[in-house]
Colleague: 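I am attaching a structure below and will ask some questions about it afterwards.
All values reported here derive from a predicted model rather than from experimental measurement. Below, chains carry the letters A, B, ... as their sequence lines are ordered, and counting in each starts from 1.
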Amino acid sequence: MASRAPRSVLVSRRFYARPADALAVALLGRTLVRVLDDGTRLAGRIVETEAYLGTEDRAAHCFAGRRTPRKESMYARPGTAYVYFTYGMHHCFNVVCGRVGTPAAVLVRALEPVEGHEAMRRLRSARRAGSVPDTHLCSGPGRLCEAMGIDLKDDGVDLADPASRLFIVRGAGRLSADESVRNTARIGVAYAGDWADRALRWFIVGNPHVSRGGSREGSGGSGRRPLA
DNA sequence: CCACAGATTCTCT
DNA sequence: GAGAATCTGTGGC
């Protein structure tokens, strides 16, 4: 009966207690799970992440030690969710990491849907006319929050608590033998001076669910381009 | 497929 | 009052 148990094993709190760049890589291939109020289970494999290192990182919200009510979750213990609202209409989901009191986190930028596709499609199509294709369900930080029903109510949630309706499990494993990881500069942080060029964004090469954000390599897009 | 402009509201200065 | 760790539709090639 419990033979499939490993697929659902919750990621331990200690897993999150490492620097953001290390966690950004380690999260690739893990599965983010959401249990909706009606019991529907949604799950997506993490395929793209970005690291925000902390008070030294000019691109990070807590650069120079900024601490406001909004950013409070960033100072919580590792494994805490940091969710914020931006551009007047989108939410972004982050995983707090490092040590307590050090505001570091990993932004989850894209998921490969593995469970609850139709529920995700409904959530994504709620304020929209047409139907959303699978590759557009969770391919971007704002998109995945909408598809997973993540918003400000999830800010501060403990992802390492089995009782939470939002958590991360080991999943079927890490990466397939034919998958590889690549890193580039982060998306949307051009204002960050030297830090804008740091290669702190990681993604699974060629995966069609990776966001298209940077117009650089990694969109996976049509996937027709042979991998060099 | 690629580039660009508009949307829309919360937060901090 | 300015700016934002973004997304979508439209228009051009």
Side-chain angles (χ1 to χ4, degrees), chain A residues 20-21 23-24 27 46-75 80-98 103-111 120-121 123-156 183-203 206 208-226:
Chain A
D21 50 352
L23 182 64
L27 279 175
I46 298 172
V47 297
E48 179 184 355
T49 57
E50 280 181 358
Y52 287 85
L53 273 42
T55 58
E56 293 184 351
D57 185 350
R58 198 169 200 88
H61 288 171
C62 296
F63 170 66
R66 290 172 187 148
R67 185 166 185 168
T68 66
R70 192 49 168 225
K71 310 177 183 72
E72 199 55 32
S73 296
M74 287 279 285
Y75 291 85
T80 299
Y82 169 51
V83 180
Y84 65 87
F85 182 72
T86 190
Y87 288 106
M89 61 189 91
H90 299 296
H91 295 277
C92 288
F93 167 72
N94 300 254
V95 180
V96 175
C97 60
V106 174
L107 169 68
V108 178
R109 287 192 55 90
L111 304 173
M120 287 185 188
R121 210 181 313 282
L123 285 164
R124 287 277 287 121
S125 304
R127 287 188 170 183
R128 186 154 304 295
S131 180
V132 179
D134 281 6
T135 51
H136 285 196
L137 284 178
C138 302
S139 56
R143 288 173 173 176
L144 78 86
C145 281
E146 191 170 292
M148 297 287 277
I150 296 172
D151 57 29
L152 291 181
K153 74 181 179 311
D154 299 298
D155 182 45
N183 63 330
T184 68
R186 292 170 291 185
I187 307 296
V189 296
Y191 57 83
D194 299 338
W195 286 87
D197 299 321
R198 298 279 295 269
L200 294 172
R201 167 186 177 240
W202 282 269
F203 58 91
H209 301 276
V210 169
S211 80
R212 198 178 328 179
S215 80
R216 298 193 182 188
E217 50 200 318
S219 72
S222 62
R224 297 294 167 259
R225 181 188 307 174

Colleague: Please name all residues satisfying side-chain contact (heavy atoms from CB on, under 4.5 Å) with A/P133, sequence neighbours left out, ordered by chain then number.
Modeller: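 Scan of A/P133 (side-chain contact (heavy atoms from CB on, under 4.5 Å), adjacent residues dropped) gives A/T135, A/H136.
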Colleague: Among all residues two or more places apart in sequence or in another chain, which pass the salt bridge (charged side-chain N to carboxylate O under 4.0 Å, His left out) test with A/E48?
Modeller: A/R109, A/R201
Colleague: Name all residues meeting the salt bridge (charged side-chain N to carboxylate O under 4.0 Å, His left out) criterion together with A/R66; count only those two or more places apart in sequence or in a different chain, and write none if there are none.
Modeller: none
Colleague: Could you point out which residue of A/H61, A/R67, A/M74 forms a side chain to side chain contact (heavy atoms under 4.5 Å, CB included) with A/P103?
Modeller: A/M74
Colleague: Can you name the residues that form a salt bridge (charged side-chain N to carboxylate O under 4.0 Å, His left out) with A/D154, not counting sequence neighbours?
Modeller: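 Once residues adjacent in sequence are excluded, the partners of A/D154 under the salt bridge (charged side-chain N to carboxylate O under 4.0 Å, His left out) criterion are A/R34.
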Colleague: Which pairs would a plain distance check flag for residues 86-98 of chain A, meaning a side-chain donor or acceptor within less than 3.5 Å of a matching protein atom at least two apart in sequence or in another chain?
Modeller:
from, atom 1, to, atom 2, distance (Å)
A/N94, ND2, A/Y82, O, 3.1

Colleague: Using heavy atoms to find the nearest nucleotide of DNA chain B for A/F85 and A/R66 separately, return the residue whose nucleotide is more 5′.
Modeller: A/F85
Colleague: Provide the full list of salt bridge (Lys or Arg N to Asp or Glu O under 4.0 Å) pairs with a residue in residues 135-148 of chain A, sequence neighbours left out, each pair given once.
Modeller: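 Matches after skipping sequence neighbours: A/R124-A/E146.
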Colleague: Would you please enumerate the stems DNA chain B participates in, each stem being three or more consecutive Watson-Crick or G-U wobble pairs with both distances under 3.5 Å?
Modeller: B:1-7 with C:6-12, B:9-12 with C:1-4
Colleague: Quick one, give me the B/S/- string for nucleotides 3-13 of chain C, reading 5' to 3', where B means a protein heavy atom under 4.0 Å from the base and S means that only happens at the primed atoms, P, OP1 or OP2.
Modeller: -BBBSSS----
Colleague: Got a sec, which residues hit salt bridge (charged side-chain N to carboxylate O under 4.0 Å, His left out) with A/D57, two or more places apart in sequence or on another chain?
Modeller: A/R186
Colleague: Find the distance A/H91:NE2 to B/dT8:P and express it as a whole number of Å.
Modeller: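 Value for this atom pair: 15 Å.
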